Engineer: 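Starting off with a structure, shown below.
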Amino acid sequence: MKFKNNRILWKLHRSYREATANLRVFPDFLIMGTPFCAKTLLYRYLIQHPSILESFRNETSFFDLNYELGINWYKSNFPTLIKKNSIKKKFG
């Protein structure tokens, strides 16, 4: 969901994601690379698979630019444990 045109909805959505950070999971894998190394293309290909859940941001830049925002901010970018378990149950 993209709410960038409506700042109030964007802030509410961000607050919701941060409030539910404890219910969210860490990623099972990371895609790392230098700028312009096709990591976004690889990400787009991977999320086409039905058992791979899309993160809120395709690049969090947590370890280099957003580390000071904290671990709850990082976790707020990923799906909930409930969503992960439902996908796991569906695809084994």
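Computed from a predicted structure; not experimentally measured.
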Engineer: Measuring centre to centre across the rings, with the benzene-like ring taken for any Trp, is Tyr67 within less than 6.0 Å of Phe62?
Structural biologist: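 Under 6.0 Å, so yes.
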
Engineer: Can you tell if the side chain of Pro79 reaches within under 4.5 Å of the side chain of Phe56, non-hydrogen atoms only?
Structural biologist: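 Not touching, per the 4.5 Å side-chain cut-off.
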
Engineer: Which heavy atom of Ile31 sits nearest a heavy atom of Leu46, and at what distance?
Structural biologist: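 It is CD1-CD1, 3.6 Å.
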
Engineer: Surrounding CG of Leu65 (heavy atoms of other residues, nucleotides or ligands, distance under 6.0 Å), is the total greater than 12?
Structural biologist: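 Buried by this count: over 12 neighbours within 6.0 Å.
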
Engineer: Heavy-atom count around Phe91 CZ within 6.0 Å, excluding the residue itself: above 12?
Structural biologist: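 Yes.
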
Engineer: Determine, stepwise, if the pair Lys84 / Asp28 fulfils side-chain contact (heavy atoms from CB on, under 4.5 Å).
Structural biologist: CA-CA 11 Å; Lys84 181 180 179 179; Asp28 292 331; 3.2 Å; yes

Engineer: Can you name the closest pair of heavy atoms from Ala21 and Asn72 and give their distance?
Structural biologist: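 Result for this residue pair: CB-O, 3.3 Å.
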
Engineer: Would Arg44 and Glu54 pass as an ion pair if we require N to O under 4.0 Å?
Structural biologist: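 Yes.
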
Engineer: I'd like to know whether Ile82 forms a side-chain contact (heavy atoms from CB on, under 4.5 Å) with Asn85, so could you lay out the CA-CA distance, the side-chain angles of the two residues, the decisive distance to 0.1 Å, and finally the verdict.
Structural biologist: CA-CA 5 Å; Ile82 295 167; Asn85 287 339; 6.0 Å; no

Engineer: If you take all heavy atoms of Phe29 and Ile52, which pair is closest and at what distance?
Structural biologist: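 Nearest heavy atoms, Phe29 then Ile52: CZ-CG2, 4.3 Å.
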
Engineer: Count the heavy atoms belonging to other residues, nucleotides or ligands that lie under 6.0 Å from CG of Leu42, then report whether that count exceeds 12.
Structural biologist: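 Enclosed: over 12 neighbouring heavy atoms sit under 6.0 Å from CG of Leu42.
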
Engineer: Of all heavy-atom pairs between Met32 and Leu30, which one has the smallest distance, and what is that distance?
Structural biologist: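 Heavy atoms only, the tightest pair is CE-CD1, 3.7 Å.
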
Engineer: Classify the angle between the aromatic ring planes of Tyr74 and Phe78 as parallel (below 30°), tilted (30 to 60°) or perpendicular (above 60°).
Structural biologist: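 Judged by the thresholds at 30° and 60°, the geometry between Tyr74 and Phe78 is perpendicular.
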
Engineer: Between Tyr16 and Ser76, does a side chain to side chain donor-acceptor pair (under 3.5 Å) hold up when you go through it step by step?
Structural biologist: CA-CA 9 Å; Tyr16 166 75; Ser76 73; over 6 Å; no

Engineer: Around atom CZ of Phe63, are there more than 12 heavy atoms of other residues, nucleotides or ligands at under 6.0 Å?
Structural biologist: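 Counting other residues, nucleotides and ligands, CZ of Phe63 exceeds 12 neighbours.
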
Engineer: Rounded to the nearest 0.5 Å, what separates atom CZ in Arg14 from atom CZ in Arg7?
Structural biologist: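 That separation rounds to 10.0 Å.
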
Engineer: Any side-chain heavy atom of Arg24 sitting closer than 4.5 Å to one from Asn77?
Structural biologist: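 Side-chain contact under 4.5 Å: no.
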
Engineer: Start with the C-alpha gap between Leu23 and Leu81, add the side-chain angles, then the distance that decides, and say whether side-chain contact (heavy atoms from CB on, under 4.5 Å) holds.
Structural biologist: CA-CA 6 Å; Leu23 303 173; Leu81 184 59; 5.8 Å; no

Engineer: Is the backbone of Asp64 close enough, under 3.5 Å, to the side chain of Ser61 for a donor and an acceptor to pair up by distance?
Structural biologist: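 Checking the backbone N and O of Asp64 against the side chain of Ser61, no donor-acceptor pair under 3.5 Å is found.
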
Engineer: Counting N and O atoms only, with roles assigned by atom type, does the side chain of Asn58 sit under 3.5 Å from a partner on the main chain of Thr40, one being a donor and the other an acceptor?
Structural biologist: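 No, because the side chain of Asn58 does not come within donor-acceptor range (under 3.5 Å) of the backbone of Thr40.
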
Engineer: Check whether any side-chain heavy atom of Lys39 lies under 4.5 Å from a side-chain heavy atom of Glu59, and answer yes or no.
Structural biologist: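 Yes; the side chains approach each other to less than 4.5 Å.
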
Engineer: As an exercise, state the distance from OG1 of Thr60 to CG of Leu69, rounded to the nearest 0.5 Å.
Structural biologist: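 Here the rounded value is 10.0 Å.
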
Engineer: For the atom pair CG (Leu12) and CZ (Arg17), what is the distance rounded to the nearest 0.5 Å?
Structural biologist: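 That separation rounds to 13.5 Å.
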
Engineer: Honestly curious: do Tyr45 and Ile47 fall in one hydrophobic cluster under the side-chain, below-4.5 Å linking rule?
Structural biologist: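 The answer is no; the residues belong to distinct hydrophobic clusters.
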
